[in-house]
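Every chain is numbered from 1 and lettered A, B, ... according to where its sequence line falls, protein lines coming before strand lines.
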Amino acid sequence: MSELMGLKAKLGLDVFKHDKEAHIKIKPGMEKDPRLKRAVWVCPAGLYSENDQGEVELTIDGCLECGTCRIACGIEVLEWNYPNGGCGVQFRFG
Amino acid sequence: MEKDFDAIVVGGGLAGLAAAYTIADAGLEVLLLERGDYSGAKNVTGGRLYLNPVREMFPDLWEKAPLERFIAHEELSIMDKERSITVRYDGAELVQAPYQSYSILRGKFDRWFAKQAEKKGVAIVNKNRVDDLIIENGKVEGVRAGGEDLTAHVVVACDGVLSLLAEKAGLRKPGVPQDHAVGFKEIIELDRTTIEDRFNLEGDEGAARLFMGEVTRGKFGGGFLYTNKESVSLGIVVGIKDLMEEPMVQAPDLLDAFKLRPEIARLIKGGETSEYSAHVIPEGGYNSLSKLYGSGILLAGDAAGFSMNIGVTVRGMEYALASGYYAAQAVIKAKEADNFESETLAVYEKLLNESFVMTDFKNFKDAPRVMENPRFFQHYPQLAGNVMKDLYEVPAGSKARIYPTVKKYLTFGEMWAMFKDFRGVKKI
Ligand SMILES: Cc1cc2nc3c(=O)[nH]c(=O)nc-3n(C[C@H](O)[C@H](O)[C@H](O)COP(=O)(O)OP(=O)(O)OC[C@H]3O[C@@H](n4cnc5c(N)ncnc54)[C@H](O)[C@@H]3O)c2cc1C
Ligand code: SF4
């Protein structure tokens, strides 16, 4: 059987270049919006989580820039952009 | 008005590279801006590239292209929780040159394609994110990137599925869940001989395996496995709308469960994962295509919506290459006419209409709606699995007769439901 690796370890295999600012942000006041909760399920990198207060939090490190959260949650709750040129994930195989 | 370039292409994926390559080949001045460190750095595919539809558009390209393996064996597995049925197809035409399709890795291919485009005279600037369009009196006059204004007669937006530029140009609205899927995959390294032994391959032969049913928990989509030279691409594509609905499952967990399936585990045993990637895929089909052009702007590839997902198989790369090529033809014609208004650029849509691109999109117009039927991804895989189980099972006592076994599952109600489901399929 092939051993499973955790998501963190999997993301650790990718090449990331640090950006000076987060390219995706939860819009202020939208942390509890039900649309945002979808991101917890759909993000392939598992970067969204819900805290005890029912607020959704986003850790941007490890973002694959796939766009799923923008489609699922919409731009009313997310401020969404790509990282600056030359920053973010750099796939070697794709 | 003087312009810095004849054309600025945004995005160095397949659509952008195809457009820039073709524009430069006609002797026009073209700049390509790509936000990644190199072409391919941000791009993900399954992936299999079908060459026949695009071979003649880029006649010099294919002989030396870094393609992985030509697909010589096809398999489709229908998975239930604890069982699966597989259909394998081998055909003489699959092993005869020129080969129909190849597995491909975009990190390698796009990077190489960019070099060929540079040789044709394309000016490529990587690590450069385009932030905005310059629009004057309703006409796109250039782009803003890294705080700088760059002007051109026409901008070809090939910035992929989200196309923030098409939104800025007013050619489309932000994408919605029912028109998009997300794909995520691992590259798992295995040495050549292991791959060839496990998949029964000779030399550069490759295998394509698709999976539907339990792999997405009955949600719209499927799993895929393609053999590369020294790795396999293993991943899942699933509709975003379905992923937002019950039964709730976290996307990455689907891939882990897929890897644990005995059918898959033995194929990737001992392999080392070397990359994990993900990307959104447009799959709304003909009815969700963007407006394809405006004054001073054209959209090609995923940016326009040219990707099709009919359940288990995604096709976008040929459409990206071909739409990039036709966008270039429109630019060349506009340059001859010295007019880059939308009336002139409309020739792009005409060229697409006359090509396989629009013919395919029109023919498969109903596919997204028909395939949305969850019974195809859950009920039928289960049903087929159960019938097979009963047929193959030899219990301690006497074995049930075959006809009643099958009939038990195929009740009148079932047959009527099937009739209705498959009547829908006739539209595809
Ligand atoms: C998991 C998965 C499996 C798939 N399987 C297949 C398959 O087997 N066969 C098939 O044919 N298709 C498949 N597809 C679809 C196919 O990969 C896409 O249709 C294809 O990649 C689209 O090419 P493109 O050039 O239009 O877009 P992309 O390849 O996405 O290129 C867009 C480019 O634009 C750049 N960019 C974006 N915004 C900016 C900006 N503001 N400034 C500068 N640059 C920018 C990006 O960095 C990128 O290089 C699959 C897709 C996925 C995700
Ligand atoms: S872009 Fe993709 S990887 Fe990044 S946060 Fe959104 S869903 Fe997650």
Side-chain angles (χ1 to χ4, degrees), chain A residues 1-17 19 23-24 34-50 62-94, chain B residues 33-38 40-45 47 105-108 110 126-129 145-146 160-162 164 174-177 179-180 182-184 186-188 228 231 233 240 243-244 248-252 255-256 259-260 262 264-265 268-271 273-280:
Chain A
M1 195 191 77
S2 143
E3 55 303 331
L4 286 182
M5 49 165 61
L7 202 47
K8 279 249 155 55
K10 234 196 252 189
L11 293 170
L13 301 168
D14 292 350
V15 176
F16 290 100
K17 286 174 68 193
D19 200 359
H23 61 278
I24 306 171
R35 284 170 289 185
L36 206 52
K37 302 211 159 96
R38 299 167 184 164
V40 179
W41 300 100
V42 302
C43 172
L47 302 180
Y48 290 84
S49 58
E50 196 176 335
C63 175
L64 302 168
E65 300 164 34
C66 68
T68 312
C69 55
R70 188 181 199 261
I71 301 275
C73 310
I75 52 177
E76 276 165 37
V77 294
L78 289 176
E79 200 181 302
W80 204 105
N81 200 353
Y82 291 115
N84 280 295
C87 298
V89 73
Q90 312 288 336
F91 295 126
R92 291 155 297 142
F93 302 100
Chain B
L33 296 168
E34 162 58 44
R35 66 189 183 88
D37 272 6
Y38 43 84
K42 305 287 183 180
N43 305 346
V44 184
T45 198
L105 294 167
R106 299 288 299 280
K108 288 191 196 169
D110 291 15
N126 292 318
K127 306 185 191 184
N128 219 296
R129 182 186 74 191
V161 50
L162 299 180
L164 305 185
V176 292
D179 289 341
H180 294 84
V182 52
F184 34 102
E186 286 183 32
I187 298 294
I188 301 172
N228 303 311
S231 64
S233 297
I240 296 180
L243 210 46
M244 290 162 30
M248 298 311 285
V249 54
Q250 279 191 301
L255 186 51
D256 280 347
K259 287 174 73 181
L260 288 176
I264 298 298
I268 57 172
K269 190 171 152 215
T273 298
S274 55
E275 189 169 86
Y276 177 56
S277 59
H279 210 282
V280 166

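Judged purely by atom type and a 3.5 angstrom limit, B:K108 has no side-chain atom pairing as donor or acceptor with the backbone of A:F93.
Options A:R38, A:Q90, A:K37 differ in how many heavy-atom pairs under 4.5 Å they form with chain B, and the most are formed by A:Q90. When each of B:G160, B:S274, B:G47 is scored by its heavy-atom pairs under 4.5 Å with chain A, the top score falls to B:S274. Counting heavy-atom pairs closer than 4.5 Å to chain A, the top residue among B:I187, B:L33, B:N128 is B:I187. For the set A:G74, A:C87, A:P83, the entry with the most heavy-atom pairs within less than 4.5 Å of chain B is A:P83. Of all the listed residues (B:I264, B:D110, B:I188, B:I240), the one sharing the greatest number of non-hydrogen pairs under 4.5 Å with chain A is B:I240. Heavy-atom pairs under 4.5 Å with chain A peak, among B:G146, B:A145, B:G175, B:G183, at B:G175.
In this structure, NZ on A:K10 lies 10.0 Å from OG on B:S277, to the nearest 0.5 angstrom. Here CG of A:L11 is found 7.0 Å from OH of B:Y276. Values are rounded to the nearest 0.5 Å. Within the model, atoms NE2 of B:H279 and CG of A:L64 stand 10.5 Å from one another, a figure rounded to the nearest 0.5 Å. Note that CD of B:E275 and CG of A:L13 are 8.5 Å apart. Values are rounded to the nearest 0.5 Å.
The shortest non-hydrogen separation linking A:P44 to B:P252 is O-CG, 3.4 Å. Taking each heavy atom of B:V249 and A:W41 in turn, the nearest pair found is C-CE3, 3.6 Å. Taking both residues in full, the closest heavy atoms of B:Y38 and A:F91 are given as OH-O, 2.7 Å, listed atom of the first, atom of the second, then distance. Between A:G86 and B:D37, the closest heavy-atom pair is CA-OD1, 3.4 Å. Of all non-hydrogen atoms in B:L162 and A:G67, the two that sit nearest each other are CD1-CA, 3.8 Å. For the residue pair A:I75 and B:P174, the shortest heavy atom distance occurs at CD1-CG, 3.7 Å.
Proximity to chain A (any heavy atom under 4.5 Å) is shown, for B:D256, by both the backbone and the side chain. The parts of A:I71 that come within reach of chain B are both its backbone and its side chain, each placing non-hydrogen atoms under 4.5 angstrom from that chain. Contacts of A:V15 with chain B are absent, with no heavy-atom separation under 4.5 Å from either backbone or side chain. With a threshold of 4.5 angstrom between heavy atoms, B:E34 does not approach chain A through any atom at all. Using a 4.5 Å cut-off between heavy atoms, A:N84 contacts chain B through both its backbone and its side chain.
Ionic pairing of A:D19 and B:R129 is not present here: no N-O contact between side-chain nitrogen and carboxylate oxygen is shorter than 4.0 angstrom.
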Would A:E65 and B:R35 satisfy side chain to side chain contact (heavy atoms under 4.5 Å, CB included), going step by step from the backbone distance to the final call? CA-CA 12 Å; A:E65 300 164 34; B:R35 66 189 183 88; 2.7 Å; yes
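Residues A:Y82 and B:L164 meet the side-chain proximity criterion, which asks for heavy atoms closer than 4.5 Å. B:K127 is listed as a side-chain neighbour of A:K17, based on a closest heavy-atom distance under 4.5 Å.
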